[in-house]
Amino acid sequence: MTPSLSRPTRRTVLAMAAAIPSAGALAAPAADRTEIRALFREHSASGTFVLLDAATGETTLADAGRAARRLVPASTFKIPNSLIAFETGAVADADTVLPYGGGRTMVPAWARDMSLREAMPISNVPIFQEVARRIGLARYRDWLARLDYGNRDPGTVVDRFWLDGPLRISATEEARFNARLAQKALAASERAQTLVHDIVRLESAGGATLYGKTGWFVKRGETSIGWWTGWVERGSRIHAFTLNMDMPEMAMAPKRLDIGRAALKRLGVYG
């Protein structure tokens with residue numbers, strides 16, 4: 001008879017989180033996998049993929065140099081943005097309806113009031129800009145430091161800093177952030193972290209659950225970057241991941257998930 005898997009206790013979670021080095025700490029050498037690099041080449045793409053075992057801190061990646069390079073997070077910041085919104089009370093819960101502000105939007109589906117539960121899967125920029133204005137720069141500076149998120153810099157424009165910069169984070173740092181969030185071991189309430197889990201959950205298959213969020217950084221004069229970041233939960237095992245790649249045109253957007261899913265499958269984590 002196979003014993004059932006129970007959820008880890010808070011003490012176990014904190015012990016597991018301690019295995020994950022902080023952004024500024026020295027970590028054990030990561031395993032750079034040529035077969036994951038090959039997945040990018042097969043899709044005529046240039047990028048990096050990072051996988052982190054939350055229990056051990058073991059890191060597997062493709063292109064260590066790129067994995068360490070800080071880039072603008074774009075819509076992957078909607079994950080910590082939601083956490084900060086719930087934690088500060090700027091947004092009461094995942095179903096609180098927020099105004100989009102009126103006017104035309106780049107994506108027609110964004111042009112209505114909606115909750116974060118609805119806004120997350122369609123990456124509604126105006127809704128999250130409303131969230132940002134409610135939070136304010138002072139609270140962002142505090143929370144980005146508490147969460148040890150990238151360079152911790154929200155700059156001076158409260159509703160654009162994750163879209164244009166100066167906020168930046170590396171793929172390795174984002175995987176570490178995801179691992180702590182997945183374990184509900186960030187310096188935030190369990191309630192807020194649980195709400196974020198709920199709205200970034202994508203699907204379940206084969207006894208595992210996949211959580212994630214895409215992003216696309218576009219700014220004149222800089223290389224456009226596509227992102228996919230999240231984690232996989234299988235019983236008490238958690239693997240966090242982050243992919244970023246050069247994405248000069250929107251037609252390349254599906255490759256983020258194609259390469260990421262192929263990497264998760266190749267590494268025996270999901271799929």
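We number each residue from 1, following the sequence as shown.
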Exercise. Looking just at side-chain N and O atoms, do Asn244 and Arg256 make a donor-acceptor pair shorter than 3.5 Å?
Worked result: no

Problem set entry | Donor-acceptor under 3.5 Å (Trp216 side chain, Met247 main chain) | yes

Exercise. Side chains of Leu195 and Ser82: does their closest heavy-atom pair fall under 4.5 Å?
Worked result: no

Exercise. Between the side chain of Asp113 and the main-chain N/O of Tyr100, is any donor-acceptor distance below 3.5 Å?
Worked result: yes

Problem set entry | Distance, nearest 0.5 Å, that separates CG of Asn151 from OG of Ser170 | 10.5 Å

Problem set entry | side-chain contact (heavy atoms from CB on, under 4.5 Å) against Ala208, all qualifying residues, sequence neighbours excluded | Val232, Arg234, Tyr270

Exercise. Pick from Val72, Leu71, Thr214, Leu243: which one makes a side-chain contact (heavy atoms from CB on, under 4.5 Å) with Trp227?
Worked result: Leu71

Exercise. Do Leu267 and Trp228 belong to the same hydrophobic cluster, where Ile, Leu, Val, Met, Phe, Trp and Tyr are linked whenever their side-chain heavy atoms lie under 4.5 Å apart, directly or via other members?
Worked result: yes

Exercise. Looking at OG1 of Thr209 and NE2 of His197, how far apart are the two atoms once the value is rounded to the nearest 0.5 Å?
Worked result: 11.5 Å

Exercise. What's the shortest heavy-atom distance between Ile199 and Ala94, and which atoms?
Worked result: CG2-CB, 3.7 Å

Problem set entry | Smallest separation among heavy atoms of Ala90 and Arg134, with atom names | O-NH1, 3.3 Å

For this session: Look only at the side chain of Thr48 and the backbone of Asp63, and say whether a donor-acceptor pair between them is shorter than 3.5 Å.
Result: yes

Problem set entry | Donor-acceptor contact present, side-chain Lys184 to main-chain Glu190, <3.5 Å | no

Problem set entry | Full working for side-chain contact (heavy atoms from CB on, under 4.5 Å) between Val125 and Thr105 | CA-CA 9 Å; Val125 171; Thr105 63; over 6 Å; no

Exercise. Backbone N or O of Ala132 within a donor-acceptor pair of the Asp159 side chain at under 3.5 Å?
Worked result: no

Problem set entry | Atom pair CZ (Arg66) and CE (Met245), whose distance is rounded to the nearest 0.5 Å | 8.5 Å

For this session: Could you please spell out the steps behind the side-chain contact (heavy atoms from CB on, under 4.5 Å) verdict for Leu98 and Val131?
Result: CA-CA 8 Å; Leu98 301 164; Val131 169; 3.7 Å; yes

Exercise. About how many Å separate CG of Asp142 and CG of Leu137, when rounded to the nearest 0.5 Å?
Worked result: 12.5 Å

For this session: Indicate yes or no: at least one non-hydrogen side-chain atom of Thr242 is less than 4.5 angstrom from one of Thr172.
Result: no

Problem set entry | Separation of Glu173 CD from Arg70 CZ (nearest 0.5 Å) | 4.0 Å

For this session: Check the hydrophobic clustering (I, L, V, M, F, W, Y; side-chain heavy atoms under 4.5 Å; chains of links allowed) and say if Leu52 and Leu210 are grouped together.
Result: no

Exercise. Does a donor on one side chain and an acceptor on the other come within less than 3.5 Å for Lys78 and Ser123?
Worked result: yes

Exercise. Do Leu51 and Phe177 sit in the same hydrophobic cluster, where Ile, Leu, Val, Met, Phe, Trp and Tyr count as joined when their side-chain heavy atoms come under 4.5 Å apart?
Worked result: no

Exercise. For the hydrophobic clusters of this structure (ILVMFWY residues joined by side-chain heavy atoms under 4.5 Å, transitively), does one cluster hold both Trp231 and Ile169?
Worked result: yes

For this session: Flag the pair Trp162 / Gln129 as yes when at least one side-chain heavy-atom distance between them is below 4.5 Å, and no otherwise.
Result: yes

For this session: Check whether the side chains of Thr229 and Thr76 place a donor and an acceptor atom closer than 3.5 Å, and report yes or no.
Result: no

For this session: Measure from the side-chain N and O atoms of Lys255 to the backbone N and O of His43, and report whether any donor-acceptor pair falls under 3.5 Å.
Result: yes

Exercise. Are Phe128 and Phe77 an aromatic pair by the rule of ring centers under 6.0 Å?
Worked result: no

Exercise. More than 12 heavy atoms of other residues, nucleotides or ligands under 6.0 Å from NZ of Lys219: is that the case?
Worked result: yes

Problem set entry | Working for side-chain contact (heavy atoms from CB on, under 4.5 Å), residues Gln193 and Leu186 | CA-CA 8 Å; Gln193 293 178 85; Leu186 290 170; 3.4 Å; yes

Seminar exercise, completed: Per side-chain hydrogen bond (donor to acceptor under 3.5 Å, both in side chains), Tyr149 is matched among Arg168, Glu174, Arg176 by Glu174

Exercise. Would Phe86 end up clustered with Leu181 when hydrophobic side chains under 4.5 Å apart are linked, directly or stepwise?
Worked result: yes

Exercise. Relative to each other, are the rings of Phe241 and Phe49 parallel, tilted or perpendicular (30° and 60° limits)?
Worked result: parallel

Exercise. Counting only N and O atoms by type, is there a donor-acceptor contact under 3.5 Å from the side chain of Glu233 to the main-chain atoms of Ala182?
Worked result: no

Exercise. Would you call Asp148 and Arg180 a salt bridge, using N to O less than 4.0 angstrom?
Worked result: no

Exercise. Are the side chain of Arg141 and the backbone N or O of Asp153 linked by a donor-acceptor pair below 3.5 Å?
Worked result: no

Exercise. What distance separates Asn81 CG from Leu167 CG, expressed to the nearest 0.5 Å?
Worked result: 10.0 Å

For this session: Please step through side-chain contact (heavy atoms from CB on, under 4.5 Å) for the pair Arg112 and Glu118, ending with a clear verdict.
Result: CA-CA 11 Å; Arg112 65 178 180 85; Glu118 297 171 287; 3.4 Å; yes

For this session: Test Asn178 against Tyr211 for side-chain hydrogen bond (donor to acceptor under 3.5 Å, both in side chains), laying out the working first.
Result: CA-CA 10 Å; Asn178 289 339; Tyr211 301 81; over 6 Å; no

Problem set entry | Arg266 and Glu35 ion-paired at < 4.0 Å | no

For this session: Output yes when Asp32 and Arg37 qualify as a salt bridge under the 4.0 Å nitrogen-oxygen rule, no when they do not.
Result: yes

Exercise. Between Leu264 and His239, is any pair of side-chain heavy atoms under 4.5 Å apart?
Worked result: no

Exercise. Counting N and O atoms only, with roles assigned by atom type, does the side chain of Gln183 sit under 3.5 Å from a partner on the main chain of Ala179, one being a donor and the other an acceptor?
Worked result: yes

For this session: Run the numbers on Asp93 and Arg117 for salt bridge (Lys or Arg N to Asp or Glu O under 4.0 Å), then give the verdict.
Result: CA-CA 9 Å; Asp93 55 41; Arg117 187 186 305 281; over 6 Å; no

For this session: Look at the side chain of Ser46 and the backbone N and O of Asp246, then say whether any donor-acceptor pair between them is shorter than 3.5 Å.
Result: no

